Protein chains: 2
Amino acid sequence: MFSQPAVRTDPIRYPVSTRTAPPAQSRASDDLSRGVNPLTRAMQMMGTAMSFPRNTEIFGENEPADYVYQVISGSVRTYKILNDGRRQVAGFYLPGDIFGLEFAEGHTFSAEAIADTKAILVKRSALMALATGNATISRELLAITGRELRRVQDHVLLLVKSAQERVVTFLLEMAERARAGITVELPMSRQDIADYLGLTIETVSRTLTGLESAAAIEVPTSRRIVLRNRSALRQLNG
Amino acid sequence: MFSQPAVRTDPIRYPVSTRTAPPAQSRASDDLSRGVNPLTRAMQMMGTAMSFPRNTEIFGENEPADYVYQVISGSVRTYKILNDGRRQVAGFYLPGDIFGLEFAEGHTFSAEAIADTKAILVKRSALMALATGNATISRELLAITGRELRRVQDHVLLLVKSAQERVVTFLLEMAERARAGITVELPMSRQDIADYLGLTIETVSRTLTGLESAAAIEVPTSRRIVLRNRSALRQLNG
DNA sequence: CGATGCGTTGATAACTTTCAAATTTAGTGG
DNA sequence: CCACTAAATTTGAAAGTTATCAACGCATCG
């Protein structure tokens, strides 16, 4: 232990002027508004859209958790650097997903844009104030937190599986979340996947190769996975 | 995979008459009331105390989540049986802890008493109704869920560590939660610990023996651990 | 065209599990 | 309270899985 290199990602810090004090940019009330819940609607009313280039930090661990975020386009990873220098990815957030909501002062994890990403920011205090007078919003906040809880619980269940089961579960989950057909476009690198699954990139790579040999998937490019045999995959997912 | 025996614990089902429709037993408003938060006070006002003998089921996975529970005395494990028959323990709950709060219809996990346990039950619907008209209770519910979220996030971070780190982290956490001095009384078996840490009982046992050899702990009885060298343990905990 | 980053593949080492058996502890009936 | 039985825990040896170290291929970008 205490063995690995300190850092493997290189988050290019976005210029501070743009990162803090979100400027009043475009109101975002476009595609994501279709028949959504009251909270999403409220966020889009109250929020400010902001862009984050690929690999830039959105917020850092322990920074004041003053804003709540919703992904409009692109994708986001949250993570923590462990004492031994390894990085643990806590979650991936795709368009429509809400992240960064905290109940303590500071953020539990850091967040970075995986690809060029647009997100809506809403002041947490504003959201909390809104919730105080509005039982619907209040319930919705509780529901979001409940879903996040469920997601993390599933992450726990993932981490006790074998390497192959972890990779398969990940692929099936990404396919479902991205509402993909049989072809999944992965926004994240092998390193991101490995750090989410608690594996090394070599193991992830070898497992994908193995699944391809078994005709369960195809990997035409490293970021594109074709699910050739979903029922076989479901068998393998533990 | 798909290899292990189906069951390793043998939950003796408590007689149905006692398990369902909580009878109006003793009001529980004793030791735990000392300067606690409004939600705990509310639960103790509204709730019904109920006893669960060791190894009995408190609720089962997917059963309607109609009640929220607070441990008075004893301790509780929540868990899920995985497809391959292994059991994953999701969490341990000690006196004062709240468990069983859900945001969907059914329970995510099963819950069992580890030792003879007394708990307060409150109808979830009553709690939710109370929260609707009371911003303080509402915030408190959100805070509880936030703490549970944090706990599960920590569990994720635990599961990517080495076996020794997992065991050490577990011991330090239990010592803190039980407000123990240097001697920790573990309410749960090696199997419970192993299933929580994602290890086998053999690995847990060997690791404890190793820590004892390294003079970091003593194990006078299997359920009693003396933390002989906390700073050494903190070094080892990753 | 060379540098650079990302992904894959191979060989070996480290760690954890599995299988087996011994030992200790706890529970039960007399 | 003691003896007996079952359950829990510990220990050992071997096998299996994943990590580590190293090298190579491929694509991108200046």
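No experiment lies behind these values; they were computed from the predicted model shown. Chain A is the first sequence line, chain B the second, and so forth, proteins listed ahead of strands; every chain is numbered from 1.
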Would you kindly give the [atom1]-to-[atom2] distance between [X] and [N], to the nearest whole Å?
{"X": "B/L159", "N": "D/dT18", "atom1": "CG", "atom2": "C1'", "value": "16 Å"}
{"X": "B/D116", "N": "C/dG27", "atom1": "CG", "atom2": "P", "value": "11 Å"}
{"X": "B/R223", "N": "C/dT24", "atom1": "CZ", "atom2": "P", "value": "19 Å"}
{"X": "B/E165", "N": "C/dA14", "atom1": "CD", "atom2": "C1'", "value": "14 Å"}
{"X": "A/M188", "N": "C/dG7", "atom1": "CE", "atom2": "P", "value": "12 Å"}
{"X": "B/Q191", "N": "C/dT25", "atom1": "CD", "atom2": "P", "value": "19 Å"}
{"X": "B/I193", "N": "C/dT16", "atom1": "CD1", "atom2": "P", "value": "17 Å"}
{"X": "A/L208", "N": "C/dT8", "atom1": "CG", "atom2": "C1'", "value": "11 Å"}

Using OP1 and OP2 only, check whether a side-chain N or O of A/S222 sits under 4.0 Å from C/dT8.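 Answer is no, no contact under 4.0 Å.
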
So B/F170 and B/Y196, would you call those rings parallel, tilted or perpendicular, with 30° and 60° as cut-offs?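 B/F170 vs B/Y196 ring planes: tilted.
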
Mind telling me whether A/H107 and A/Y69 have parallel, tilted or perpendicular rings, with 30° and 60° as the class edges?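 If you compare the ring of A/Y69 with that of A/H107, the planes turn out tilted.
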
Once you round to the nearest 0.5 Å, how far does CD of B/Q164 lie from CG of B/L211?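 Spacing of CD (B/Q164) from CG (B/L211) equals 5.5 Å.
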
Could you give the distance from NZ (B/K80) to CZ (B/R87), rounded to the nearest 0.5 Å?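 Reported to 0.5 Å precision, the distance equals 14.5 Å.
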
Between B/R54 and B/D116, does a salt bridge (charged side-chain N to carboxylate O under 4.0 Å, His left out) hold up when you go through it step by step? CA-CA 4 Å; B/R54 182 170 129 82; B/D116 291 351; over 6 Å; no

Heavy-atom protein contacts under 4.0 Å, nucleotides 23-30 of chain D, coded B base, S sugar-phosphate only, - none: --------

Are B/Q88 and B/Y79 close enough, and set up right, to give a side-chain hydrogen bond (donor to acceptor under 3.5 Å, both in side chains), and what steps lead you there? CA-CA 5 Å; B/Q88 178 61 39; B/Y79 68 92; over 6 Å; no

Is it true that A/R177 and A/E173 make a salt bridge, defined as a side-chain N closer than 4.0 Å to a carboxylate O?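 Between A/E173 and A/R177 there is a salt bridge, with a charged N closer than 4.0 Å to a carboxylate O.
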
Base, sugar-phosphate or nothing for [X]? Non-hydrogen atoms, less than 4.0 Å.
{"X": "B/T203", "value": "base"}
{"X": "A/R166", "value": "nothing"}
{"X": "A/G198", "value": "sugar-phosphate"}
{"X": "B/T221", "value": "nothing"}

[X] side chain: which of [options] is closest?
{"X": "A/L199", "options": "D/dT18, D/dT11, C/dT8", "result": "D/dT18"}
{"X": "A/E202", "options": "C/dT9, C/dT17, D/dT9", "result": "C/dT9"}
{"X": "B/T200", "options": "D/dT11, C/dT9, C/dT17", "result": "C/dT17"}
{"X": "B/S162", "options": "C/dT9, C/dT8, C/dT16", "result": "C/dT16"}

How about A/F59 and A/F109: are their ring centroids closer than 6.0 Å?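 Not under 6.0 Å, so no.
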
Select from B/R206 and B/S189 the residue whose nearest nucleotide in DNA chain D is closer to the 5' end of that strand.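 Looking at the nearest nucleotide for each, B/S189 comes out on the 5' side.
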
